[in-house]
Amino acid sequence: MKKRVVLLLLLLALSLAGCNLLPDASMQDRTVSDASIWAMDTQMDLRLYGDTDGTVMAELTAILNRLDHSLSATSPDSALTALNESGRTDDADVVYLASAAQTISAQTDGALDITLLPVSRLWGFGTDSYAVPEPAALDALRDRVGMDKLTVSDGAVSVSAGTMLDFGALAKGYAADLCRAKMEEAGIAGILSLGGNIQTVGTKPDGSDWIIGVQDPDDMGRYLLTLRLSGSASAVASGDYQRFFMQDGVRYCHILDPKTLSPVRGSLRSVTVVTDGGLKADGLSTALFVLGREAGIALWQSMGDFEAVWIEADGTVWITPGLKDRVVEGSYQVIEP
Ligand code: AMP
Ligand code: MG
C-alpha cells in the first residue's frame with residue numbers, strides 16, 4: 001500500500017501573525033501556485049504564495065527529485081546504495097542524515113534505528129511479497145543490525161560488512177528542511193505536504209493560520225483533530241495504517257521495533273510530532289511510535305522541545321498541553337505535564 005498524504009491543509013481563515021524570516025504578510029504577493037509530484041514513494045503536494053515566475057517551485061522540485069534518487073535504498077546507482085554495497089560513502093546528504101540518526105537514536109533509547117533494512121525486507125516491506133519470517137531467519141540478521149554498526153567520521157559514513165542503512169524514517173523530514181531553507185531564502189511562504197510530513201513556511205498573505213489535520217487511522221479521508229499552526233512549523237505522523245499487511249487477522253506495520261526486529265504492536269495507531277524542524281519531527285514521530293505512549297510521554301517530559309498527538313486503538317486522542325490552544329476541531333485528552 002502506498003503511503004498517502006497523512007495530514008491535509010484546510011484553508012480556513014483564522015488570524016494570527018506568525019514569527020518567521022519572511023516579509024510582513026500584508027506585503028506579500030498573493031499569487032498561489034500548486035504542484036504535485038511523486039517522490040520518495042509518496043505523493044508530494046506543494047503550495048507556494050508569491051512564486052510568480054515559478055522559480056522557487058522549480059528549485060523545490062529539483063531538491064525533492066535529487067533526494068528521491070540519492071536517498072533511495074532501491075535505486076542501483078544511488079548514494080545510499082553505494083554505501084550499502086561498498087560500506088562507505090562521503091555523500092553529504094547521507095553523512096548528514098546518518099549523523100542526525102545517531103543523535104535521535106541516542107535520545108530515544110535506540111527506538112530509531114536506521115540499520116533495519118535487511119529486517120524490513122525479510123518481512124517483505126519494499127518487496128512484492130509480505131510474510132511473517134521464521135524466528136531463526138530474524139535471529140540470523142541480528143549481527144547486521146544496530147546503530148553501533150555505523151560510524152560517522154572525517155566527513156564519511158562507514159558501516160560494518162552486511163549492514164545496510166535505510167532513511168525511510170527521516171528522508172522526507174530532511175527534504176522538508178531543505179525546501180524550507182530555499183523558501184525562506186527567497187522570501188516565499190507556503191505549505192508542503194510530503195507524504196505524512198507537513199511543513200509550513202512563513203505566513204500566508206492574508207495573515208491567517210495554517211490548518212492541518214491529523215488523520216483517522218481507520219479512514220484516511222477523515223481527520224480526528226485539526227490544528228492551527230502559525231509561522232514555520234513541521235508536523236509529521238507515523239502510524240500503523242500507512243504501510244502494512246494482514247496475516248491471520250494480525251496487522252503487521254512498516255515500523256519495526258529494533259529490540260524485537262518485528263513490526264511494532266501495541267495500543268497506538270499513530271503519533272504526530274509538531275516541532276521546529278522536519279528532520280527532528282520525522283525522526284521523533286517514528287521513534288515515539290516504537291516507544292509507545294508511556295515511554296513517549298516520558299521522552300516528551302525530558303526533552304521538552306516538541307508537541308505530540310497520540311492516537312490509541314480505542315480512538316482516544318492524547319495531546320501535549322502546548323497544543324490545547326491550537327485545536328480547531330476534535331475531541332482529545334490532555335497529557336499531564
Ligand atoms: P516513518 O514513516 O517516518 O515513521 O518511517 C517508517 C520507515 O522507516 C519504514 O518504512 C522503514 O523504512 C523505516 N523504519 C522502520 N522502523 C524503523 C525504526 N525503528 N527506526 C528507523 N527507521 C525505521
Ligand atoms: Mg519518521
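Side-chain atoms are counted along with the backbone in the values below, which use heavy atoms only and exclude waters and symmetry mates. When a residue number appears, it is its place in the shown sequence, counting from 1. Just so it is clear, the model here is predicted, and its values are computed rather than measured. We count ligands from 1, going down the list as the structure has it; atoms in each ligand are counted the same way.
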- prompt: Which of the atoms in ligand 1, numbered in the order shown and given with their element, are less than 4.0 Å from a heavy-atom of Ala169?
  reply: 3 (O), 5 (O), 7 (C), 8 (O), 21 (C), 22 (N)

- prompt: Quick one: which ligand 1 atoms are inside 4.0 Å of a heavy atom on Ser238?
  reply: 1 (P), 3 (O), 4 (O)

query: Between Arg293 and Glu312, is there a side-chain N and carboxylate O pair less than 4.0 Å apart?
result: yes

field: 2.8 Å shell around the Mg ion (ligand 2), exclusive bound, protein N/O/S atoms
entry: 4

statement: Checking heavy atoms under 4.0 Å, the part of Ile255 that sits near ligand 1 is both

task: Answer yes if the ring centres of Tyr252 and Trp123 are under 6.0 angstrom apart, and no otherwise.
output: yes

Derivation of the side chain to side chain donor-acceptor pair (under 3.5 Å) call for Asn197 and Gln199: CA-CA 7 Å; Asn197 296 40; Gln199 179 68 49; over 6 Å; no

query: Which heavy atom of Ala235 sits nearest a heavy atom of Val274, and at what distance?
result: CB-CG2, 4.1 Å

task: Please state whether Gly239 comes within less than 4.0 angstrom of ligand 1, counting heavy atoms only.
output: no

query: Is the shortest side-chain N to carboxylate O distance from Arg180 to Asp177 below 4.0 Å?
result: no

- prompt: Would you say Asp109 and Lys259 make side-chain contact, with heavy atoms under 4.5 Å?
  reply: yes

message: At less than 4.0 angstrom from any non-hydrogen atom of Asp113, what atoms of ligand 1 do you find?
response: 18 (C), 20 (N), 21 (C), 22 (N)

query: Mind checking whether Leu256 has an N or O less than 3.5 Å away from an N or O of ligand 1?
result: yes

query: Is there a side-chain contact between Met164 and Arg121 (heavy atoms, below 4.5 Å)?
result: yes

query: Do any nitrogen or oxygen atoms of Ser120 lie less than 3.5 angstrom from nitrogen or oxygen atoms of ligand 1?
result: no

Polar side-chain atom of Asp240 near backbone of Ser270 as donor-acceptor pair, under 3.5 Å: no

Option with minimal heavy-atom separation from atom 9 (C) of ligand 1, where the choices are His254, Gln242, Lys259: His254

- line: All heavy atoms of Val157 vs all of Leu83, minimum pair found to be O-CD1, 3.6 Å

statement: Which of Val214, Ile335, Leu225 passes side chain to side chain contact (heavy atoms under 4.5 Å, CB included) with Ile319? Answer is Leu225

message: Closer than 4.0 Å to some heavy atom of Asp166 - which atoms of ligand 1 meet that?
response: 11 (C), 12 (O), 13 (C)

- prompt: Which atoms of ligand 1 are found less than 4.0 Å from any heavy atom of Val290?
  reply: 19 (N)

task: Please identify which atoms of ligand 1 are closer than 4.0 Å to at least one heavy atom of Gly168.
output: 3 (O), 5 (O), 7 (C), 8 (O), 12 (O)

message: On a heavy-atom basis, which atom in Leu170 and which in Ala101 lie closest, and how many Å separate them?
response: CD1-CB, 3.8 Å

query: How does Ala287 reach ligand 1, if at all, at less than 4.0 Å between non-hydrogen atoms: by side chain, backbone, both, or neither?
result: neither

task: Take the angle between the ring planes of Tyr130 and Phe245 and call it parallel below 30°, perpendicular above 60°, tilted in between.
output: parallel

- request: Decide whether an N or O pair under 3.5 Å exists between Arg243 and ligand 1.
  value: no

- prompt: With a cut-off of 4.0 Å, which atoms of ligand 1 are near a heavy atom of Ala111?
  reply: 18 (C), 19 (N), 20 (N)

- prompt: When you check the gap from the basic side-chain N to the acidic O, do Lys149 and Asp143 get nearer than 4.0 Å?
  reply: no

- request: Just let me know how Asp257 lines up against ligand 1, side chain, backbone, both or neither, with a heavy-atom cut-off below 4.0 Å.
  value: neither

query: Is the Lys NZ or Arg CZ of Arg228 less than 6.0 Å from the centre of Trp210's six-membered ring, within 45° of the axis?
result: no

- prompt: At a 4.0 Å threshold, what atoms of ligand 1 neighbour a non-hydrogen atom of Thr286?
  reply: 1 (P), 3 (O), 4 (O), 5 (O)

